[in-house]
Structures are given as C-alpha cells and as structure tokens.
Amino acid sequence: MNHQPVDATTATSFLPMVSVVVPIYNGEADLPELINCLLSQTYPKDRVEYLLVDNNSSDRTLTILKTSAENCPITIRPLSENQIQSSYSARNTGIRAATGEIIIFTDADCRPQSQWLHALIPPFVNQEVVIVAGEILALPGTTLLEQHAERQETLSQKHTLNHSFRPYGQTANLAIRRIALEKGGLFRPYLTSGGDADICWRILAQNIGRLEFAPNAIVRHRHRATLKELQSQWRRYGRSNRYLHELHGVDLMRDITLKECGYRLARWLVKEIPRDMKKALAQPKAGIAGKATLVDLLNTPIGLFTARARTVGQRDAKLPENAKIIEWL
C-alpha cells in the first residue's frame, strides 16, 4: 500500500461511473447534513449514483430517503434491507443494486467533503489498483473526549493502513472496484464488526489487485462525546480483533489487566501530572493551555479506559457461526 500521485490531465479525463453505498439505521437526524454533503460533490452528477440503504429503521429514515429522491438534483436511490440487521448486509444490498464500476462506501454520520469523490477516484486509473482508502478526519468537537480522540487521530486511516497483518481501509471512506467484489466476494452479512478489514484482506490475499491511499479524499466524522459511547466504540474494536483472529489468524491484542491499570494510574498521579504541571509553570505566559492542556493531562486515564474497554470486548467476544458466511454477486 502506498500513495502515488496521479497525472493531473489523466485524473481530469478519468470519470468512471461510480456508486456510493450508505447503510443507514435510524439516521433521521443525520440525513439532512449527509444529503447536503452529497449535493456539494464536485464529481459530475451524471457519473454518480447514491444508494442509501435503510436497515430496518424505526424512525422516519425511509420516508426521508424517498422524499429526498423525488426532489433532489442528484441521483438518490432509496433501498431497504429488512432481513438482516447489519450494516454489512445493507452494504451488500447496495452493491447488488449498483451500476457503477467502482463502489464507494461511507456512513450516515459521516460528512464527505466536496472534493471527496474527485480525489478518491483518480488512483483507479491504474488498473492494478482495486481498493482506494480516503482519509477520515474529525468534525470539530467541544467535549474533552472528542478533543482527546482528535489529538490521537483515532479514526485516521493511517492506523488501519499500517496494520501489522495487512493494510485495510475503513468503510467510512473506502472505494472498491466492482470486479474485485465479483472475484473476492461481498461482505459477510452476519458479521457485526471487522467487515472492512475482512473484505480488504480477502481481496488482497487473492492478489486481485492492490490498495492505494488517497489522502486528499476527506470524510469527516464526529468522535464519541461521552464515556458510554467511548466504551462502546472500544469494546467494538476489541470484538473486531477477536473476530479477525478467528477468521484470518490475526494476533490478539495484549490484555490490559486491572492491576496494570492501577499501577499506571498511580504513576500518572505521582510522576506525570507533576512533570506536566512543571512544564506549564515554566512558561507562565503560555500556561496550561500552551504547554500542558487538560487533554494532555488526562491522556493516560483516558487511554487506560479505552484500552480496558478493548480488552473486555476482545475477551468476551465469540464469533457466531453464521458470521463466517460470505455473500457473492
């Protein structure tokens, strides 16, 4: 995996038909902003379709999708996946209905920037490229937890693209050539986490083609704002690692014990806080904001909280037998 600049002239003339697939579950609140982002895309409107797949929502998602499709200057195709409650199953429904030679994925709570598609497509001019991952950046956050996640670049593709097993792109900002899906298979419909890594790894393992990074194809995403949301996110990461361990033999992450948490918290209180406060006092004009913000000071306990949540998620997860099923075009 690497990033190779594409000739500007070639990129301008290369405008394949693309299909954007978005799984949506109870996304009523997110739809207005999402659709505005789709409307703002600079990619030619006659070369892109948006397949917005309602996944058995209990709110007004499907109604809003149908209304938007009727009154929108872009091609919105509302679809439904009511048999399996899974974002991966909903994505498969979108893939099957897609007409584009390149299938692009994002999520309802993501905010693709206006140049997103224009920057995501050019690497496909090289026929060897079958997967392209764009970058995921944070939406402006106000809470301490959001600011911490932004500082850590929690959602950035740089983490998944440098995975020790194989690189992969997250479905919040991912494009796959249709022929690669025909050869490598679709998402596992009953999998609840880790499906983005699984589908990329299956394609790469079969040497169907290679993966490219498009850093200027930007999607923004909101970080978790509460401890409950943060815990749920990192437990899901832990479950994902357990599932990928069983499906691909990926190494399990090292568990972090309560004893280790206690030791590191004590070290934080005794050594790290005094050290950071000393740095702040050494620069009185800059103060805490300049040298050691509250986010910096709380980096250790927040990091331990997420690591512990990941440990619990990995420990308690068990891959369901039906999650091994792969659907095909």
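One-based numbering along the sequence shown.
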- Query: Is there a donor-acceptor pair closer than 3.5 Å between any side-chain N or O of Thr160 and the backbone N or O of Tyr168?
  - Reply: yes
- Quick check: does any side chain N or O of Arg111 sit under 3.5 Å from a backbone N or O of Ala108, one acting as donor and the other as acceptor? yes
- According to a 4.5 Å side-chain heavy-atom criterion applied to Ile, Leu, Val, Met, Phe, Trp and Tyr, with indirect links allowed, do Phe124 and Val48 form part of one hydrophobic cluster? yes
- Message: Regarding Ser232 and Arg236, do their side chains bring together a donor and an acceptor under 3.5 Å, going by distance alone?
- Response: no
- Message: Check this for me, if you would: do Glu182 and Arg178 make a salt bridge, where the nitrogen-to-carboxylate-oxygen distance has to be below 4.0 angstrom?
- Response: yes
- Got more than 12 heavy atoms from elsewhere within 6.0 Å of CZ, Phe165? yes
- Task: Could you tell me whether Asp255 and Arg315 make a salt bridge, using a distance below 4.0 angstrom between a side-chain N and a carboxylate O?
- Result: no
- Counting distance only, does the side-chain N/O of Ser80 pair as donor-acceptor with the main-chain N or O of Asn82 below 3.5 Å? no
- Item | Parallel, tilted or perpendicular: ring planes of Phe187 versus Tyr88, cut at 30 and 60 degrees | parallel
- Examine distances only and state if a side-chain atom of Ser86 and a backbone atom of Pro189 form a donor-acceptor pair shorter than 3.5 Å. yes
- Please walk me through it: do Leu155 and Gln233 pass side-chain contact (heavy atoms from CB on, under 4.5 Å)? CA-CA 11 Å; Leu155 297 172; Gln233 176 188 19; 3.9 Å; yes
- Task: Without swapping roles, check the side chain of Glu81 against the backbone of Gln83 for a donor-acceptor pair under 3.5 Å.
- Result: yes
- Is a salt bridge present between Asp316 and Arg235, judged by a nitrogen-to-oxygen distance below 4.0 Å? no
- Between the side chains of Glu260 and Thr257, does any donor sit under 3.5 Å from an acceptor? no
- Task: Could you tell me whether the side chain of Gln41 and the main chain of Cys37 form a donor-acceptor pair under 3.5 Å?
- Result: yes
- Item | From CA spacing to verdict: side-chain contact (heavy atoms from CB on, under 4.5 Å), Arg177, Gln127 | CA-CA 9 Å; Arg177 204 183 290 273; Gln127 289 299 311; 3.7 Å; yes
- Identified salt bridge (charged side-chain N to carboxylate O under 4.0 Å, His left out) counterpart of Glu327 within the set Arg96, Arg91, Arg188: Arg96
- Rounded to the nearest 0.5 Å, how far apart are CD1 of Ile203 and CD1 of Ile131? 4.0 Å
